[in-house]
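To start, the structure under review is shown below, and the notes come after it.
As a basis for the values below, the full set of heavy atoms in this structure was taken, side chains included, without hydrogen atoms, waters or symmetry mates.
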Amino acid sequence: MTLRPILAVILLTALSASRLAAGVFTLEQAWTLSLQSDPAIERLQAQAELARLEEAALLAETDPEFFGAYQTIEDKSPNPAPAIFGSKTETSMVSGGVRGKLLTATQGSLVFKSEETDNNSIFRTINPMTISSLNLEVRQPLLKHFWGRPDKALRRAARHRHQAALAALMRSKEAVAVRTASYYLDCYLGSKAIELKDQARQEAAKLLSKQKEKQGYGIVERSDVLQAETSLALRDLESTQAKDARDLACAQLAITLGSKTPMPIDSLVLPDLPENGLVRAREELLASALQDRYDAKAAALSTEAQRQDLRSTKLENLPDLSVMASLGYAGLDASRAASLKALDDYNKNVFTAGISFSIPFAHARERTRKKGALQRLALAQAALADTQRTIVQEVSAALYTLEMARHKKQAAADILDLQRRKYAEEEKNFQRARSTTDMLIRFQLDVNDAQALTLAASVEEAKALISLAAATGKLSGILDHDGAH
């Protein structure tokens with residue numbers, strides 16, 4: 001099976017329902033549909049959403065936590081003095097409270113405990129006995145997790161990564177738009193080129209018919225007929241090639257828009273694209289591209305995110321020095337309810353204060369983390385430099401391509417004007433019986449060739465303008481424009 005039938009099946013499947021629809025299918029509509037159906041964009045949207053959750057996860061670390069526990073113990077283990085220590089102890093413990101931490105790494109907890117003990121020792125003055133307590137505890141790091149506020153660096157890094165993911169998403173959308181525009185313009189060029197090639201083939205067929213007729217009268221030689229046959233064969237080949245090129249481009253466009261997307265070939269139009277300040281000095285375009293392009297923004301944001309990660313890593317490598325304090329109240333009685341009432345006596349409190357520190361012995365883990373953060377930052381900086389170098393190359397190439405396309409378009413327009421004038425003069429000669437039909441046909445073929453050249457030059461200019469807009473980060477201005485001719 002050859003390639004062309006396969007492409008025809010794809011094309012007809014996507015376009016059969018739309019051929020009955022009237023109207024114009026513009027490049028802007030194609031852009032909209034392709035952005036809705038491209039799987040890469042869906043993947044990048046999911047990545048951007050995942051990056052957005054990173055800061056949310058950091059902030060969620062401050063959510064308070066409620067906890068509770070219940071435990072019962074029955075102890076009948078032997079001991080050397082059962083009369084003193086008792087031969088059996090039953091204990092039930094209930095605890096609960098709330099704990100949490102702040103972005104400043106401050107940790108706090110409020111804990112309630114109640115322990116009821118029943119022991120058959122003869123020396124216990126209260127049996128059963130319940131001890132209830134309420135404790136408030138606060139711990140504040142002074143160096144690690146606090147000094148320099150590493151939490152701010154982590155959140156800045158998360159925000160930069162989210163913004164970089166959004167920028168990468170926008171750059172991917174631009175890439176899809178450029179690819180769609182290329183397929184759209186190729187499909188348009190193919191459909192219009194077929195019309196011109198068919199006209200040229202008809203003129204070549206007329207020429208062959210005239211040459212054969214003249215051969216019958218002995219006016220032309222056999223070689224003239226063979227030349228006309230060769231010309232017709234070449235026109236047939238050009239028409240077939242134009243159809244193949246159109247089928248390929250239109251099939252690629254149909255796939256880009258989605259297999260069920262309506263896209264009538266006859267409704268494609270050549271877009272009238274605005275320049276929007278694109279034609280400027282090279283230095284101005286480069287400065288604008290380095291500032292406006294989404295891949296440059298993504299690379300710069302990724303670099304800044306790695307810089308913030310390095311800062312948080314350095315701060316996390318500080319020694320752990322913390323202060324702590326707690327205030328507790330306790331109540332003791334024969335029942336749990338009575339022990340809870342005893343908590344009202346604020347003179348029976350327990351206050352604790354202290355300081356703790358922890359210093360790594362060899363700092364191997366800290367050095368490894370810092371080294372990894374430095375390497376990631378270096379990689380991000382290298383990626384930024386590479387992106388900037390690529391932007392310079394792409395802007396220079398796109399600007400040169402646009403200049404050449406416009407020169408080619410002007411040259412093609414001049415050639416078309418000359419061919420039309422030449423044909424008009426030959427037509428006057430024919431009316432004065434100073435020319436022949438075959439000469440008019442040959443000149444008409446020249447006009448058809450010039451029209452095809454002008455059409456291709458116009459499409460090439462549109463492609464070059466879109467490429468320059470994408471290279472300079474100005475594609476959104478063209479995407480928002482709605483014009484065609």
So NE2 of H160 and NZ of K297: to nearest 0.5 Å the spacing works out to 14.5 Å

Does the E137 side chain pair with the main chain of M324, one donor and one acceptor, at a distance under 3.5 Å? no

message: One pair to check against salt bridge (charged side-chain N to carboxylate O under 4.0 Å, His left out): K243 and D247. What are the steps and the verdict?
response: CA-CA 6 Å; K243 290 178 181 178; D247 290 346; over 6 Å; no

Determine whether the side chains of S322 and R139 contain a donor N or O and an acceptor N or O closer than 3.5 Å. yes

I'd like to know if the side chain of D118 and the backbone of P128 have a donor-acceptor N/O pair within less than 3.5 Å.
no

Query raised in the report: Hey, does the side chain of S458 reach the backbone of K409 with a donor-acceptor pair shorter than 3.5 angstrom?
Result: no

Query raised in the report: With a 4.5 Å limit on heavy-atom distance, are the side chains of L377 and D309 in contact?
Result: no

Exercise. Would you say the side chain of L58 lies within less than 4.5 Å of the side chain of D151, judging by non-hydrogen atoms?
Worked result: no

Determine whether the side chains of Q45 and E49 contain a donor N or O and an acceptor N or O closer than 3.5 Å.
no

**Asked** Taking the side chain as C-beta and beyond, is there a heavy-atom pair between T472 and E284 under 4.5 Å?
**Response** no

| message | Could you check whether any side-chain N or O of Y183 sits under 3.5 Å from a backbone N or O of L248, counting only pairs where one atom can act as donor and the other as acceptor? | response | no

**Request:** For the pair R311 (side chain) and G148 (backbone), establish whether a donor and an acceptor sit closer than 3.5 Å, ignoring hydrogens and angles.
**Result:** yes

Only pairs under 3.5 Å count here: list side-chain donor-acceptor contacts from residues 94-101, not counting sequence neighbours, and write none if there are none.
| from | atom 1 | to | atom 2 | distance (Å) |
| --- | --- | --- | --- | --- |
| R99 | NE | E65 | OE1 | 2.9 |

Interatomic distance, CD@E55 vs CZ@R155, rounded to 0.5 Å, equals 6.5 Å

Review point. Do the side chains of R149 and T104 get nearer than 4.5 Å, heavy atoms only?
Key: yes

For a quick check under 3.5 Å, do S77 and D75 share a side-chain donor-acceptor pair by atom type?
yes

Heavy-atom distance under 4.5 Å between the side chains of I126 and D333, does that happen here? no

N/O donor-acceptor pairs under 3.5 Å from side chains in residues 107-116, not counting sequence neighbours:
| from | atom 1 | to | atom 2 | distance (Å) |
| --- | --- | --- | --- | --- |
| S114 | OG | S132 | OG | 3.2 |
| S114 | OG | R336 | NE | 2.7 |

| request: Using distance alone, with no hydrogens and no angle criterion, decide if S34 and D38 have a side-chain donor and acceptor under 3.5 Å apart. | output: no

*asked:* Between Q29 and T26 (side chain of the first, backbone of the second, donor and acceptor by atom type, cut-off under 3.5 Å), is there such a pair?
replied: yes

With the threshold set at 4.0 Å, does a side-chain nitrogen-carboxylate oxygen contact exist between E54 and R161? yes

Could you check whether any side-chain heavy atom of S326 comes within less than 4.5 Å of a side-chain heavy atom of N135, counting everything from C-beta outward? no

When rounded to the nearest 0.5 Å, the distance separating CZ of F25 from CG of L253 is 6.5 Å

**Audit row: R293, E394, salt bridge (charged side-chain N to carboxylate O under 4.0 Å, His left out) steps and yes/no** = CA-CA 12 Å; R293 270 186 51 161; E394 290 181 355; 2.7 Å; yes

Do the non-hydrogen side-chain atoms of R307 and R156 ever get within less than 4.5 Å of each other?
no

The reported gap from CG in D386 to CD1 in I391 (rounded to nearest 0.5 angstrom) is 10.0 Å

(Q) Salt bridge check, E366 against R369: does any charged N sit closer than 4.0 Å to a carboxylate O? (A) no

Output for pair (E304 CD, L301 CG), nearest 0.5 Å, gives 8.5 Å

For E460 and K463: C-alpha separation, side-chain torsions, deciding distance, then whether salt bridge (charged side-chain N to carboxylate O under 4.0 Å, His left out) applies. CA-CA 5 Å; E460 185 175 344; K463 283 186 177 182; over 6 Å; no

Q.
Side chains of I466 and L27, heavy atoms from C-beta outward: is any pair under 4.5 Å?
A. yes

Nearest heavy-atom contact between A296 and L290 is CB-O, 3.6 Å

S191 side chain to Y188 backbone, donor-acceptor under 3.5 Å = yes

Q.
Determine whether a donor-acceptor pair (N or O, by modelled atom type, separation under 3.5 Å) exists between the side chain of T454 and the backbone of A412.
A. yes

query: Sub-3.5 Å donor-acceptor pair from the side chain of S182 to the main-chain atoms of V178, do we have one?
result: no

Applying side chain to side chain donor-acceptor pair (under 3.5 Å) to R171 and not counting sequence neighbours gives E174

